[in-house]
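So that the names make sense, note that chain A is the first sequence line, chain B the second, and so on, each numbered from 1. Every value quoted in this text rests on a predicted model; they were computed, and no experiment measured them.
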2 protein chains.
Amino acid sequence: MQLPEAKGKFIEAWGKLGSEWGINRTMAQVHALLLVSPNELTTEEIMEELKISRGNANMTLRDLISWGLVEKQHKAGERKEYFYADKDTWNIARQVAKERRKRELDPIIKILDELSKVEGESKDEAFITFNKSVTDINKLAKNVDKTLETMLKAEENWFWKSIFKMFK
Amino acid sequence: MQLPEAKGKFIEAWGKLGSEWGINRTMAQVHALLLVSPNELTTEEIMEELKISRGNANMTLRDLISWGLVEKQHKAGERKEYFYADKDTWNIARQVAKERRKRELDPIIKILDELSKVEGESKDEAFITFNKSVTDINKLAKNVDKTLETMLKAEENWFWKSIFKMFK
DNA sequence: ATTAACTTTCAAAATATTTTGAAAGTTATA
DNA sequence: TATAACTTTCAAAATATTTTGAAAGTTAAT
């Protein structure tokens, strides 16, 4: 297999994986393209390579920036904006974990907290089951949340530092 | 808040979370309904409660069964099938991890293995960057894969056993 | 202040996913 | 073996998501 074909396959696979995990396929593809590009790319180049429209490229890039996965770069004396992706896999994983925690985990915990407070007849099977499921899930979610917080904060934490080493 | 309202909110929230993570909203909702139901439910009852069609209910339930989250139950002397969800959050998390590993992680690793083999000019920036990104992601994916395997196998493993206790 | 190079917006169009429901299929019981 | 109770299928319809592209907006340089 030659590089251009391999590049295409990587972009396609990354896009598919993204869409299976609730991330817009094009966003994942643009990210993949930037990951394998040694240099910053312009909107124009991204449009060209992935055959997407200007509007789509623009919105997707803003999204990637809001996820902290891509940064805008300016070049002296040029009007064009350049886009560059951090290529450190650990940073990428951290950033995704951080954002999903903020965007999805925290809100669901807020709801589960509310629902945990619901009171009912202690003989009522329906109430007992509801309560057990909700509080159990809430507990698990809070543990995941706390763990992520610790992990994300802490390269200084000896315990997680040693876990990280296993993954790097 | 009263139980029926709370139940509705839980189902809605679970559905939303699911769809954010690439799981069909209805599938997540049916799962949520079963999680808060003390008894097995029939297709009829699920259709009724969630206002979905017979076809949808049937397919969704098959899916949930294929994910190992729901089981069919027969009652002596009855033609109807009943559906019941395991309510142990740890089992649910395990099951989801197991399935997503099989369905998504393993296939992507296969592709990354292929792409890692691509050869190129050692001076070619494009090749260097492609190769670095792909092999790095491959390494991370394989580590996650190995870790999941160990975790899923092993309550007998002293290390993970102690980690699990933090979450339960 | 005007131009030109570039970016952003967003309503409409295209595409993808999900849902419906009626017909076909299955199987326990009489 | 016929019936009736139930389940499954799948093409078409509904819905949701993504993408387009032209117009509007911005801004650096003259």
Fill in: Positional range of nucleotides in DNA chain C within the contact set of chain B, heavy-atom, under 4.0 Å
C:dT18 to C:dA28

Worksheet entry | A:K123 to A:F127 six-membered ring, cation-pi geometry met (6.0 Å, 45°) | no

Discussion item. Here's a test of your reading of the structure: between B:I52 and A:R62, which maps to the more 5' nucleotide of DNA chain C?
Written reply: A:R62

Item to complete: Give none if D:dA23 has no partner; otherwise give the nucleotide forming a Watson-Crick or G-U wobble pair with it, both distances under 3.5 Å.
Response: C:dT8

Worksheet item: Between B:K51 and A:E81, which has a closest nucleotide on DNA chain C that is more 5'?
Response: A:E81

Item to complete: For the pair B:E44 and B:R54, find out whether any cationic side-chain nitrogen is under 4.0 Å from an anionic carboxylate oxygen.
Response: yes

Worksheet item: Which atom names give the shortest non-hydrogen contact between B:G15 and B:A28, and what distance separates them?
Response: CA-CB, 3.8 Å

Fill in: CD (A:E12) with more than 12 external heavy atoms under 6.0 Å
no

Discussion item. A cation-pi test, strictly: NZ or CZ of B:K75 under 6.0 Å from the centre of the six-membered ring of B:Y82 and no more than 45 degrees from its axis. Yes or no?
Written reply: yes

Worksheet, complete the sentence: Between A:K7 and A:V36, the two heavy atoms sitting closest are CG-CG2, 3.6 Å

Worksheet item: Does A:G77 or A:R25 map to a spot on DNA chain D nearer the 5' end, using the closest nucleotide for each?
Response: A:R25

